[in-house]
K.L.:
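Structure incoming, see below.
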Amino acid sequence: MDDVRRGRLRVYLGAAPGVGKTYAMLDEARRRAERGTDVVVALVETHGRAGTAALLDGLEVVPRRTVEHRGTTLTDLDVDAVLARHPEIALVDELAHTNAPGGRHAKRWEDVEDLLAAGIDVVTTVNVQHLESLNDVARAITGVRQQETVPDAVVRRADQIELVDMSPEALRRRLAHGNVYAAETVDAALTQYFRVGNLTALRELALLWTADRVDDALEAYRTAHGISDPWPARERVVVAVTGGPETETLLRRGARIAAQSAGGQLLAVHVLRGDGLRGAPPDALARQRLLVEQLGGTWHTVVADDVAAAVLEVARGVNASRIVLGVTRRSRLAQALSPGVGTEVIRDAGDIDVLVVTHPHAGGRRFRRPPRRGTLTGRRRLLGWGLAVAGPPALALALDAATTWDTLSIALMLFLALTVGVALVAGLVPALVAAALGGALSNVLFAPPVGTWSITEPRNALAIVVLVAVAVGVSAVVDLAARRTAEAARARAEADTLAATAAASLGGEDPAGAALEALREALRLRHVVAQRRAAPAAPWLDVATAHAPAAGAAPGAALDAAPGAGPGAGPHDGPDDGPTEVPVTDALRLVLTGRTPPPHEVRLARAVGLQVEAVLERDALRVEAGTARAERERGAMRTALLAAVSHDLRTPLAAIKASVSALRSLGDAIPADERTALLGDAEHNADRLQHLVDDLLDMSRLDAGVVVPRRAPVALDEGAPAALAGVPEGAVDVDVPEDLPLVTVDAALLERALANVVENAVRYGGAPVRVSAGQVDDVVVVRVVDHGPGVPDDRKAAMFTAFQRLDDAPRGHGLGLGLAVARGFVTADGGTLDAEDTPGGGLTMVLTIPLDGGGA
């Protein structure tokens, strides 16, 4: 059997309801049907819009399946019927919709996948706020969270995506004319979801998302057809980042260029040399990377030996339109010896525009000499100078005694060997001295005429010149190798330190302090302090510290610093103990104490400081998020409380008032049995109101964190019956052994928690409810078992949330606080409260109570 051709998916994407997605889909279906294409309407929602419904005339509609769910008849897409009909094209509206129970899949987009797999082309619709990646963004804009979403990948895989666009003003006019929603809902929609600002933002989201999808299609086409030359469909600006002081100027210029066109992108490219030795300071790169992110760009790091080729490769790979370079900082001599990166990029850029930006640091290194670095120890230098000064005369005396040899050739080889040895020991300058002395002694003592500075044979002069040249070359190579070795060792040490501080900053109770401790150990410092300030004129305050432990201190004592310790705090002594301030950002600095660090260690400390800054910002954001979450939860509780007060509390009050009013107005005219019934009803509703108020007060105490258990030994066989006093007689079967050990709890809290759990089980699970208890290791487990309908696993966690009821629980039967209060009380007492399935059906609530009182 041949493989079935996969169907093609066409998506009409809109920014909001009412822009005309379904209308456009039906209009396309009618055009195709007129051309003879087999088109069926699998599912279309008209939402009562006459113009949309009129387009259904003449189109074949596949009957929907019907589902009875909780007393309501629902209709939905009948996938099996569409597969059996097997048309060429099926129209399926609202791709992100959640299916009614009993279907093949939970989501409509999964049904569409089945149709496509069967070879049926599908035309569908979706709003941008239903895309999974944009759901949170749309919620932030509109304040409404869409419960129905579709994965972006499903829509991105579509063969065609067409944006159905409409200006916010036009959509609001449609809404006002009653073409979208019913007249009674228009005013609310216009003032809430369909505000001009909301619609404009959603429209921008839809346009940008569609533009990205078009860009993906363009890249796929260029790749498939082997097109490497850039097509400047969008302004993409690549900035070559060196890490030098001019980089910020280049980045800001590139950002301005990218912002001049809609959808422009900024990409910063930093090329690391393959040898890993020559590179920008890591703290400078970290600051520049942060600047790129603030400008809305992306950072790319490439390892390559040919910088120009790497920059061009990245630019062509992202289909860039421009490359931004800075005017070279190289000296004129260096530019004369090699063209430089800028010249090579301009020469090979092809169709990509190259912008060379001037900056204050252009040519800033023309007369700067490379800094001298002590790559050799003092002992080696002393030995080398001794060999350079005393070695050639001693060798000349030894050779002078051997008069039978071909003295000049032997002298030149031995002087060369001596010069190489001096270069290996002491570097360039002593080797040059040794070479000069060796050449001079060879000329005077061994080159005819002996004893004079004259040289009669040209070959002897050439030999002496070669000796000096080789000595200079070997010495330069040895000195360069020593420098590169030292740089490599330093780079590896810095990388190890940065890796250690990064690992330390990712976990632990004090990640900032751990990062500073790793820096202190690496640099062999006595004390490191991170200080921040809230404003430029504000004082510096310590936010993290690390200092060396005192002699005999415990291993963990290195991070124990007195609160508010200043730069001089901590144990230190010695002549170089003065503090060194390392500015990291305008609001953060490090203070190093113990010794004066060299410049490369200061750069390393600054890079670690940026990590500490990121950790502190992360912690601050976490605190802010926790505060916002708590405030949001309190707001939700207040909203739910108002809703509860508006109904659940007013219902028993209304019943009490009705009973009392009847008794007061009619008095003795009411028969005795009816009077008794009214009084009983008033009493019942008063008890119910008291229970609701108690739950609200308990929940407010838990929310405020003022529940403080007063623990004492309690016997469960005595406490359990007291908790069941409000339960109807015969509704609960209690099995609590008398020989259970005492539990250290707050008796009132446990009694209230157990009462709430049992009442909940009786109300929703039905009688009889079984309460049993037993000891397991060092805890006592109490089980409240019912055999009612049970609760699905995905709803068990929500049971313990305030103001939550089961879906079929009628209003007026409580506030939905019982289990939330019960769990709060049990947790405050050091125990746990969880829900399990009862074997054979039902729900079991499990209270675990430690014998020793838990967190006492």
Side-chain angles (χ1 to χ4, degrees), residues 212 215-261 263-280 284-285 288-289 291-293 295-331 334-359 361-363 365:
D212 286 339
D215 192 60
D216 291 342
L218 176 61
E219 288 301 313
Y221 179 86
R222 295 176 68 242
T223 301
H225 290 77
I227 301 173
S228 59
D229 294 333
W231 287 2
R234 176 187 293 192
E235 191 75 55
R236 288 188 180 88
V237 181
V238 172
V239 179
V241 175
T242 64
E246 79 283 358
T247 300
E248 294 185 4
T249 302
L250 304 184
L251 289 174
R252 290 191 171 90
R253 177 65 66 85
R256 290 197 297 270
I257 296 173
Q260 291 173 359
S261 62
Q265 293 181 347
L266 172 68
L267 301 95
V269 178
H270 176 63
V271 181
L272 288 174
R273 297 280 187 176
D275 54 19
L277 297 177
R278 290 174 293 174
L285 293 177
Q288 291 161 9
R289 183 168 191 159
L291 176 61
V292 171
E293 294 173 354
L295 294 173
T298 57
W299 180 277
H300 305 267
T301 301
V302 181
V303 179
D305 292 323
D306 191 336
V307 177
V311 171
L312 289 172
E313 183 178 358
V314 171
R316 294 191 179 99
V318 300
N319 197 22
S321 54
R322 297 193 193 187
I323 298 175
V324 176
L325 303 172
V327 174
T328 182
R329 290 183 286 122
R330 301 165 68 237
S331 64
Q335 295 180 54
L337 296 176
S338 64
V341 174
T343 303
E344 295 179 5
V345 170
I346 294 172
R347 182 189 63 202
D348 301 331
D351 295 334
I352 304 177
D353 295 338
V354 180
L355 176 64
V356 181
V357 178
T358 187
H359 52 83
H361 305 280
R365 298 194 305 180

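Values reported hereafter were calculated over all heavy atoms of this structure, with side chains retained and with hydrogens, waters and symmetry mates removed. Heads up: numbering here begins at 1 and tracks the sequence.
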K.L.:
Determine the minimum heavy-atom distance between Ala320 and Val238, stating which atoms define it.
P.N.:
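Heavy atoms of Ala320 and Val238 come nearest at CB-CG2, 3.6 Å.
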K.L.:
For Thr298 and Val292: C-alpha separation, side-chain torsions, deciding distance, then whether side chain to side chain contact (heavy atoms under 4.5 Å, CB included) applies.
P.N.:
CA-CA 6 Å; Thr298 57; Val292 171; 5.6 Å; no
K.L.:
Under the criterion side chain to side chain contact (heavy atoms under 4.5 Å, CB included), I'd like the reasoning laid out for Glu313 against Val302: C-alpha separation, chi angles, the key distance, then a yes or no.
P.N.:
CA-CA 10 Å; Glu313 183 178 358; Val302 181; over 6 Å; no
K.L.:
What distance separates Ile257 CD1 from Arg236 CZ, expressed to the nearest 0.5 Å?
P.N.:
15.5 Å
K.L.:
Of the non-hydrogen atoms in Val324 and Gly254, which two are nearest, and what is the gap between them?
P.N.:
CG2-CA, 4.4 Å
K.L.:
With sequence neighbours excluded, tell me which residues meet salt bridge (Lys or Arg N to Asp or Glu O under 4.0 Å) with Arg256.
P.N.:
none
K.L.:
To the nearest 0.5 angstrom, please state how far the OG1 atom of Thr247 sits from the CG atom of Leu291.
P.N.:
9.5 Å
K.L.:
Can you sort out the partners of Glu248 under salt bridge (Lys or Arg N to Asp or Glu O under 4.0 Å), two or more places apart, ordered by chain and number?
P.N.:
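By the salt bridge (Lys or Arg N to Asp or Glu O under 4.0 Å) rule, Glu248 matches Arg252.
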K.L.:
CG of Leu250 to CD1 of Ile323: how many Å apart, nearest 0.5 Å?
P.N.:
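If I round to the nearest 0.5 Å, the distance is 13.0 Å.
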K.L.:
Which heavy-atom pair separates Leu266 from Leu251 by the least distance, and what is that distance?
P.N.:
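Closest approach of Leu266 to Leu251, heavy atoms only: CD2-O, 4.1 Å.
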K.L.:
What is the distance from atom CD1 of Ile352 to atom CD1 of Ile346, rounded to the nearest 0.5 Å?
P.N.:
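These two atoms lie 13.0 Å from each other.
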K.L.:
Determine the minimum heavy-atom distance between Leu312 and Glu344, stating which atoms define it.
P.N.:
CD1-O, 4.5 Å
K.L.:
Considering residues at least two apart in sequence or located in another chain, which fulfil the salt bridge (Lys or Arg N to Asp or Glu O under 4.0 Å) criterion with Arg322?
P.N.:
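Partners of Arg322 by the salt bridge (Lys or Arg N to Asp or Glu O under 4.0 Å) criterion, ordered by chain and then number, come out as Glu235.
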K.L.:
Of all heavy-atom pairs between Gln288 and Trp299, which one has the smallest distance, and what is that distance?
P.N.:
C-CZ3, 3.8 Å
